[in-house]
Amino acid sequence: MSLNVANIRKDFPILSRKVNGKPLVYFDNAATSQTPQQVIDCIVDYYSGYNANIHRGVHTLSQEATDKYEEARLKIQAHFNAKKSHEIIFTSGTTHGINLVANGFSSLLKKGDEIIVSALEHHSNIVPWQMLCERTGATLKVIPMNQDGELVMSEFDKLLSQNTKLVFVNHISNALGTINPIEAIIEKAHQVDAAVLIDGAQACPHIKPDVQALDVDFYVASAHKMCGPTGVGILYGKEKWLNLLPPYQGGGEMIAEVTFEKTTYADLPHKFEAGTPNICGGIAFGAAIDYMNAIGFDAIANYEHELLEYATEKLLAIDGLKIYGTSKHKTSVVSFNLEGIHPYDVGTILDKLGIAVRTGHHCAQPIMDFYKIPGTVRASFAFYNTKEEIDALVEGVKKAQMMLS
Ligand SMILES: *Cc1c(COP(=O)(O)O)cnc(C)c1O
């Protein structure tokens, strides 16, 4: 199960461009992934061949677009192993999916109820719950983390009670790369009848989640982190939960019948898909899933693990470099700082060398507060990256250290 990375790289036109006169080294995959020609072609085909609004037209283009869009939903259903296709709701991305669920729970929670989130969350998985608590009088509890960047599961056990109604945890932390023990979290939460939403934005580029095996209640993801376009994602929800939640937005497509006296809502999934969706994006999301499955998630995971070990070893050999997030269970993310040097300055010098990394708090300020740092430099690897590129990063970091200290 080895990857032909040289061939894979040919699928990504952007990887052959230069930045500041240097070959691009793209290590910001945890923020967004690059797009293979197969997905770009799919987008071009849509706009040049059958661009039309879906579900409403009798004309040929509209039917073609509808068929492709619903085909994409089936691909996504198969990929996540959802029991039913209408359990897959198209969204504009992870953030939208989380807000949809948080909003829906407004009518299901009351004062005294508790929501548990983790200390490793992305802001998009903290703020909607704080807003939900303000609306309902429920309280937010936080599973703490340890120095390795892992959740302290014994503390989770103590937080769980009959008052716990919802648990929200990311599958993989975008800031540190930690893979959270979501199987155990889901099982324990279900013992007190709490619903569980897993933020899979960071996991789906590396892992193929099986929502039925996980028995998870809600799972959200974004296409743009797994070789698809921006502005589209999915919410998976168990049918019984999606039927229970009220619609999020009113508009076209989500209704069964409208009079000024009363409106009845459409069946799933349309109840949650008001207005014209990102049709092209949904279809291209399907193409991205096809692309990644053709490469194979086992091969991707193995190769990325190799990159992670290689980068960790080479970076740790640099004096004064500290890595944050040292769990044994992590994906190909290396968050680090050079002693006495601001991460932003390191990122700026790396960019001059054509190396794209992220610097800052990575939308996870509570994690930075925990380590008492302003942020980190984050290099995140994908299956199209190489060890040579990691060598370039290591040289760049050494250069930055020399220039800045
Ligand atoms: C990227 C990311 C999000 C937000 O995804 P959007 O596509 O911006 O909505 C949420 N959670 C995690 C863990 C992420 O990595």
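Note that ligands are numbered from 1 as they come in the structure, with each ligand's atoms numbered from 1 the same way. Sequence positions, counted from 1, serve as the residue numbers for this chain.
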Between CG on residue D319 and NZ on residue K398, distance to nearest 0.5 Å
10.5 Å
Geometric class of the Y291/F12 ring pair [parallel <30°, tilted 30-60°, perpendicular >60°]:
perpendicular
Should the ring pair H361 and H123 be called parallel, tilted or perpendicular, given that the plane angle runs from 0 to 90° and is split at 30 and 60?
tilted
Give the residue, atom name and distance (to 0.1 Å) of the protein heavy atom nearest atom 15 (O) of ligand 1.
Q202 NE2, 2.5 Å
Tell me: protein heavy atom nearest atom 9 (O) of ligand 1, and distance?
T95 OG1, 2.6 Å
Indicate, as side chain, backbone, both or neither, the part of K225 found under 4.0 angstrom from ligand 1 when only non-hydrogen atoms are considered.
side chain
For D199, which part has a heavy atom under 4.0 Å from ligand 1: side chain, backbone, both, or neither?
side chain
Any side-chain donor paired with an acceptor under 3.5 Å for Y69 and H55?
no
Can you tell me if D11 and Y384 form a side-chain donor-acceptor pair at under 3.5 Å?
no
Taking only non-hydrogen atoms of N174 and a 4.0 Å limit, the atoms of ligand 1 in range are 15 (O)
Report, in ascending order of atom number, the atoms of ligand 1 lying under 4.0 Å from any heavy atom of S222.
5 (O), 6 (P), 7 (O), 9 (O)
Compare I98, I172, T94 and give the one whose heavy atom is closest to atom 5 (O) of ligand 1.
T94
K238/D215 ion pair, N-O < 4.0 Å:
yes
